[in-house]
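Worth knowing before you read on, the calculation uses all heavy atoms, side chains too, and leaves out hydrogens, waters and symmetry mates. Keep in mind that what you see is a predicted model, and the values were worked out from it rather than measured.
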Amino acid sequence: MSQPYALLIVGGGPAGLSAARAFRVAGGTGPVAIVTDERRMPYNRPPLSKDLLRGETAEEELLIEEEAWLEASGVDLVGGRAVWLDPSAHRVRLSGGRELEYRTCLLATGAEPTRLPIPGADDPGVRTLRSLDDLRELKRRLAPETPVTVIGSGFIGCEIAASLRMLDHPVVLVSDESAPNVARLGERAAAAIGAWLTELEVELVLDTAVEAIERRAGGLRVRGAGHVSDCQVVVMATGVAPRAELAAMAGAELEAGAISVDAGLRSSLDRVWAAGDVCAAVNAAAGRRLRVEHWGDALGQGALAGRATAGENVRWSEVPGFWSTIGRRTLKYAAWGDGFSEVRFEPGAAGAFTCWYGRDGHVVGVLTHEHDEAYQRGRELIKAGAPWR
């Protein structure tokens, strides 16, 4: 077997690349490898449901780093799928049988889309959107004005529905929520998002759980309680699940299916860290373990993990947050993300607004549209545990 990798990163998403960069900046020496089952350079995923889907951005613009960065940084890109982790021997086995030895390992395997446990969910015409290959397959099926049903009213579902309408596809969005994102954002913010989608002529079918997807001549039929929609393509945007099976087989401690790590992103396995969507990490400022599924937080956690594996003492303490663009409107959201009990909606000029979230007497979240100053102030208040007034 070849020389052990000083840092072996399993996962080619934002957390993995960020970790490799930070490891070198922190003075980490020795060979580094990123194992990726996509067999391509890490790329930006947020545009998949927005400007890339609409054809406003080209695929080559997605790369986070050019291939020349690998040689310049002393990083190997290993194409393959990791199927076994042996924490006692400090080895990872790939699906073809190849084994890689490491001194430290970072699991940054991300998450994968979930499908509803209903008849027809695995029909080839039912797509999910997480990777560039997913997008290519979806676009291959979209002839002009192809009717599409989007299932799910989270941020990704809303972004996809808006983008498809902007491409002149008839779109029906079906959700078991009473308004888009109401469980996460509250009624006033959800109503605003619903109005944006309605303005784009997305047909909203709410308070409706999808019960089956049927293959019919010429397309698909989506059935829910009291609702039927016929289409040619279904996009299922019903959440994601952490890809933690490698850690689970190795005996790592898990929480709600994610790898449990401390504030330094270290797992219960010897010399194994985890970062990004696959982990549930202690946030030092929040004082509890959180699981987040945000692009920016994956980058941030990856950077911390890279520094930690280089020998630095780090603690994750940033407030999780992200931006979402629905059509041409952008929302900025920051929150601990594990619930709220109070909401205060503050309307502004020309449709702008700020929504504050509180729990146990403290500010725990903020959502803004066209109010950047409130967003920045909100992040500071959340991190400081400011009192709810």
Show me the donor-acceptor pairs within less than 3.5 Å that the side chains of residues 7-27 make with the rest of the protein, sequence neighbours left out.
{"residue": "S18", "atom": "OG", "partner": "L299", "partner atom": "O", "Å": "2.7"}
{"residue": "S18", "atom": "OG", "partner": "A303", "partner atom": "N", "Å": "3.2"}
{"residue": "R21", "atom": "NH1", "partner": "E65", "partner atom": "OE2", "Å": "2.9"}
{"residue": "R24", "atom": "NE", "partner": "S73", "partner atom": "O", "Å": "2.7"}
{"residue": "R24", "atom": "NH1", "partner": "G28", "partner atom": "O", "Å": "3.0"}
{"residue": "R24", "atom": "NH1", "partner": "G30", "partner atom": "O", "Å": "2.9"}
{"residue": "R24", "atom": "NH2", "partner": "G30", "partner atom": "O", "Å": "2.8"}
{"residue": "R24", "atom": "NH2", "partner": "G74", "partner atom": "O", "Å": "2.8"}

Exercise for review: Decide side chain to side chain donor-acceptor pair (under 3.5 Å) for Y43 and R45; before the verdict, give the C-alpha distance in whole Å, the side-chain angles of both, and the deciding distance to 0.1 Å.
Suggested key: CA-CA 6 Å; Y43 58 92; R45 297 178 191 268; 3.2 Å; yes
Review point. For T146, which residues count as a side chain to side chain donor-acceptor pair (under 3.5 Å) partner, sequence neighbours excluded?
Key: none
Review point. Is K383 salt-bridged to E318, cutoff N-O under 4.0 Å?
Key: yes
Practice item. Return each pair, listed once, that meets salt bridge (Lys or Arg N to Asp or Glu O under 4.0 Å) where at least one residue sits in residues 248-273; pairs must be two or more places apart or across chains. Key: E255-R289
Review point. Side chain of H90, backbone of P87: donor and acceptor closer than 3.5 Å?
Key: yes
**Study point:** Backbone N/O of A285 and side chain of N283: donor-acceptor pair under 3.5 Å
**Key:** yes
Point to revise | E211: side-chain contact (heavy atoms from CB on, under 4.5 Å) partners, not counting sequence neighbours | key: A225
Practice item. If you link ILVMFWY side chains whenever their heavy atoms are less than 4.5 Å apart, which other residues fall into the same cluster as V126? By chain and number, please. Key: L116, I118, I151, V172, V174, V205, V210, I213, L220, V222, V234, M236
Point to revise | Summary of ring pair (Phe, Tyr, Trp, His ring centres under 6.0 Å) pairs that have at least one residue in residues 195-239, sequence neighbours excluded | key: W196-H369
**Study point:** Side chain to side chain, T325 and E159, heavy atoms closer than 4.5 Å
**Key:** no
Review point. Out of curiosity, does V240 fall in the hydrophobic cluster containing L132 (side-chain heavy atoms, cut-off under 4.5 Å, transitive links)?
Key: no
Point to revise | Residue pairs fulfilling salt bridge (Lys or Arg N to Asp or Glu O under 4.0 Å) with at least one residue in residues 229-240, sequence neighbours excluded | key: R221-D230
Review point. Does T208 use its side chain to pair, donor to acceptor, with the backbone of L206 at less than 3.5 Å?
Key: yes
Check your understanding: Considering residues at least two apart in sequence or located in another chain, which fulfil the side-chain contact (heavy atoms from CB on, under 4.5 Å) criterion with E177?
Key -> S153, S175, V182, A183
Check your understanding: Y357 side chain to L185 main-chain N or O, any donor-acceptor pair under 3.5 Å?
Key -> yes
Exercise for review: May I ask you to establish whether R344 and W388 are in a cation-pi arrangement, using a distance under 6.0 Å from NZ or CZ to the six-membered ring centre and at most 45° from the ring axis?
Suggested key: yes
Check your understanding: Does R54 have any salt bridge (charged side-chain N to carboxylate O under 4.0 Å, His left out) partners at least two apart in sequence or in another chain, and if so, which?
Key -> E56
Practice item. Please tell me if the side chains of L367 and L331 come closer than 4.5 Å, counting only heavy atoms from C-beta onward. Key: yes
**Study point:** Side chain proximity check, R188 to V343, heavy atoms < 4.5 angstrom
**Key:** no
Exercise for review: Enumerate the residue pairs fulfilling salt bridge (Lys or Arg N to Asp or Glu O under 4.0 Å) with a member in residues 123-139, sequence neighbours excluded, ordered by first and then second residue.
Suggested key: R40-D133, E59-R136, D123-R215, R130-D277, D133-R136, E137-R140, E137-R141
**Study point:** Results of salt bridge (charged side-chain N to carboxylate O under 4.0 Å, His left out) for R39 - residues two or more places apart only
**Key:** none
Practice item. Keeping the roles fixed (side chain from D176, backbone from D207), state whether a donor-acceptor pair exists under 3.5 Å. Key: no
Check your understanding: Does a sphere of radius 6.0 Å around CD in E61 hold more than 12 heavy atoms from other residues, nucleotides or ligands, not counting ones at 6.0 Å or beyond?
Key -> yes
Check your understanding: How would you list, by chain and number, every residue that makes a salt bridge (charged side-chain N to carboxylate O under 4.0 Å, His left out) with R243, sequence neighbours excluded?
Key -> D37
Review point. Any sub-3.5 Å donor-acceptor pair from H169's side-chain atoms to P147's backbone N or O?
Key: no
Practice item. State plainly whether the residues R93 and D86 are in salt-bridge range, i.e. N to O under 4.0 Å. Key: no
